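Quick notes on the structure that follows.
It should be emphasised that the depicted structure is a prediction, and the values quoted were computed from it without experimental measurement.
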2 protein chains.
Amino acid sequence: MKELLKTKGFKMTPQRELIFSAFFELGEHVSVDELYAKVREVDESVGYSTVWRNLKLICRVGLAEEVNIGDGVTRYDRVTHDPHGHLYCRECKQFFEFDSEAVVDLMSAVADRQGFRPEGFKVEIDGVCRQCLRKSKKDNRNGRSGRSRTDAEKASGQAKG
Amino acid sequence: MKELLKTKGFKMTPQRELIFSAFFELGEHVSVDELYAKVREVDESVGYSTVWRNLKLICRVGLAEEVNIGDGVTRYDRVTHDPHGHLYCRECKQFFEFDSEAVVDLMSAVADRQGFRPEGFKVEIDGVCRQCLRKSKKDNRNGRSGRSRTDAEKASGQAKG
DNA sequence: GCACAAATGAAATCGAAATTCATTTGCAAT
DNA sequence: ATTGCAAATGAATTTCGATTTCATTTGTGC
Ligand SMILES: [Mn+2]
Ligand SMILES: [Mn+2]
Ligand SMILES: [Zn+2]
Ligand SMILES: [Zn+2]
């Protein structure tokens, strides 16, 4: 680790060491804020921008990559394991993963056919997870409190679920 | 169109009419700024927030959906044609599309298996398009001017492109 | 016409990402 | 061990797209 950085021309500092190890402890889909919080548990003095810069660095040296689902916060995902896709639950805002090898193979073929050189694949399913489905079914049974329809509800007609 | 909105409880205004038709003229992957510019060509007085709100409205009534590639700008894509994926070229920043029915089928199966109710699929390939590949090959032949390596290049080892 | 909710436009706000800058620090060469 | 200096740090600031606020205007049903 230290070596990987050194050979790339980066210095090792206590902050960097802390940030890197905290990131790998947290593991999956880490946001800057989450990592910052984790790091501050150990060292109150580390700055936000340092955490941010080191997260970028972790990406630059190829140990993580950005994941962007469109909710406004960038998350950072270790690139240890095989290509995988994300299931993102709009209710509980949790990520689930699935093996996407088959999907990526298919996509590679598509890219080839167009003379496109692929460098990254994004495979995401947006929806509602099993738990949240169960919960909302229960809520429905108990009946929703008699509030009137919101603008959004009007716009989308009947709620899809 | 006017009817679609009316039945959903929205009013028709000159601005809205202009914005809607401008959007459908532009077609694919339209950003707020692009649409705003287009609209202002016709009517200087239309406000940015009106364009923004109507773009949201177009989505809410199901005529478009947001596309987010992670470059920081949200784009809006008509939902006329079949499910499709995007090829995004990091060089020329252009989108290309491909039919993703097979891919989506595969993904649906995955979601099912996990008890996940899918509501949207994102299938993206990030890379370099045919044209840009050709161009960069030519550039290489002519040799790059002798500037020193940038930080980013150091970080990523050999430049990928 | 009238009432009133919906829509508009300008300006303000929000928030994550990114940058600036003065200071400190790692580290390689003496 | 000293020293030179680029790299790294932390606080503050800036950026910039997205979103909200609010006073005013407008569309629609009566
Ligand atoms: Mn992941
Ligand atoms: Mn598209
Ligand atoms: Zn959930
Ligand atoms: Zn290109």
Side-chain angles (χ1 to χ4, degrees), chain A residues 1-3 5-20 29-37 39-40 42-61 66-76 93 148-155, chain B residues 1-3 5-20 29-37 39-40 42-61 66-76 93 148-155:
Chain A
M1 167 58 71
K2 209 166 288 189
E3 294 66 38
L5 289 176
K6 207 176 275 186
T7 63
K8 298 256 190 181
F10 297 102
K11 293 174 179 174
M12 184 47 67
T13 68
Q15 295 94 331
R16 178 158 291 168
E17 190 154 9
L18 172 54
I19 292 168
F20 271 56
H29 317 126
V30 181
S31 68
V32 183
D33 283 349
E34 282 164 7
L35 182 55
Y36 177 65
V39 164
R40 296 280 288 214
V42 180
D43 182 347
E44 272 289 338
S45 72
V46 178
Y48 180 90
S49 43
T50 301
V51 173
W52 181 82
R53 281 186 288 235
N54 274 289
L55 217 25
K56 287 290 196 186
L57 180 61
I58 293 173
C59 291
R60 280 195 274 156
V61 297
E66 301 194 350
V67 181
N68 232 296
I69 45 155
D71 73 342
V73 296
T74 302
R75 284 154 194 285
Y76 297 81
K93 275 94 172 81
S148 62
R149 302 168 79 207
T150 64
D151 241 44
E153 283 169 331
K154 279 202 298 191
Chain B
M1 167 57 71
K2 210 166 285 188
E3 293 66 37
L5 287 176
K6 208 175 275 187
T7 63
K8 298 256 190 183
F10 298 101
K11 294 175 178 171
M12 184 47 68
T13 68
Q15 295 94 332
R16 177 159 292 168
E17 190 154 9
L18 172 54
I19 292 167
F20 271 57
H29 317 125
V30 181
S31 69
V32 183
D33 284 348
E34 282 164 5
L35 183 55
Y36 177 64
V39 164
R40 296 280 289 213
V42 180
D43 183 346
E44 272 289 339
S45 71
V46 178
Y48 178 90
S49 42
T50 300
V51 173
W52 180 82
R53 281 185 288 236
N54 275 289
L55 217 25
K56 287 290 196 186
L57 179 61
I58 292 173
C59 291
R60 281 195 272 156
V61 298
E66 301 194 349
V67 181
N68 231 296
I69 47 156
D71 73 341
V73 295
T74 302
R75 284 155 195 285
Y76 298 81
K93 275 95 172 79
S148 62
R149 302 169 80 207
T150 64
D151 241 44
E153 283 169 331
K154 279 202 300 192

Check: Expressed in angstrom and rounded to an integer, what is the separation of A:E17 atom CD from D:dA8 atom C1'?
Finding: 15 Å
Check: Are A:Q15 and D:dA8 close enough that a side-chain N or O sits under 4.0 Å from OP1 or OP2?
Finding: no
Next item on the list: Can you tell me the distance, in whole Å, between the CE atom of B:M12 and the C1' atom of D:dG29?
Entry: 17 Å
Nucleotide N/O of nucleotides 16-20 of chain D paired with protein N/O under 3.5 Å:
residue: D:dA18; atom: OP1; partner: B:T74; partner atom: N; Å: 3.0
residue: D:dA18; atom: OP1; partner: B:T74; partner atom: OG1; Å: 3.0
residue: D:dT19; atom: OP2; partner: B:W52; partner atom: NE1; Å: 3.4
residue: D:dT19; atom: OP2; partner: B:K56; partner atom: NZ; Å: 3.2

Next item on the list: Taking only the side-chain heavy atoms of A:R16 (C-beta and beyond), determine which of C:dA7, C:dT8, D:dA8 contains the nearest atom.
Entry: D:dA8
Item checked: Spacing between A:Y36 atom OH and D:dA11 atom P, to the nearest angstrom -> 7 Å
Check: If you look at every strand shown and take non-hydrogen atoms under 4.0 Å, does B:N54 touch a base, only sugar-phosphate, or nothing?
Finding: sugar-phosphate
Notebook entry, point to check: Does some side-chain heavy atom of A:V67 sit less than 4.5 Å from a side-chain heavy atom of A:T74?
Noted result: no
Checklist line | Set of residues satisfying salt bridge (charged side-chain N to carboxylate O under 4.0 Å, His left out) with respect to A:R75, sequence neighbours excluded | finding: A:E34
Checklist line | Atom pair distance, as rounded to whole Å: CG in B:D43 and P in D:dT26 | finding: 12 Å
Check: Rounded to whole angstroms, how far apart are CG on B:L55 and C1' on C:dT8?
Finding: 16 Å
Check: C:dA18 C1' sits how many Å from A:R60 CZ, rounded?
Finding: 13 Å
Notebook entry, point to check: Are the side chain of B:R16 and the backbone of B:K11 linked by a donor-acceptor contact shorter than 3.5 Å?
Noted result: yes
Next item on the list: For the residue pair A:S31 and A:D33, confirm or rule out a side-chain donor-acceptor distance under 3.5 Å.
Entry: no
Next item on the list: Side-chain contact test, heavy atoms from C-beta onward, threshold under 4.5 Å: evaluate it for B:H29 versus B:Y76 and give yes or no.
Entry: no
Checklist line | Gap between atoms CG and C1', on B:L18 and C:dT8 respectively (whole Å) | finding: 13 Å
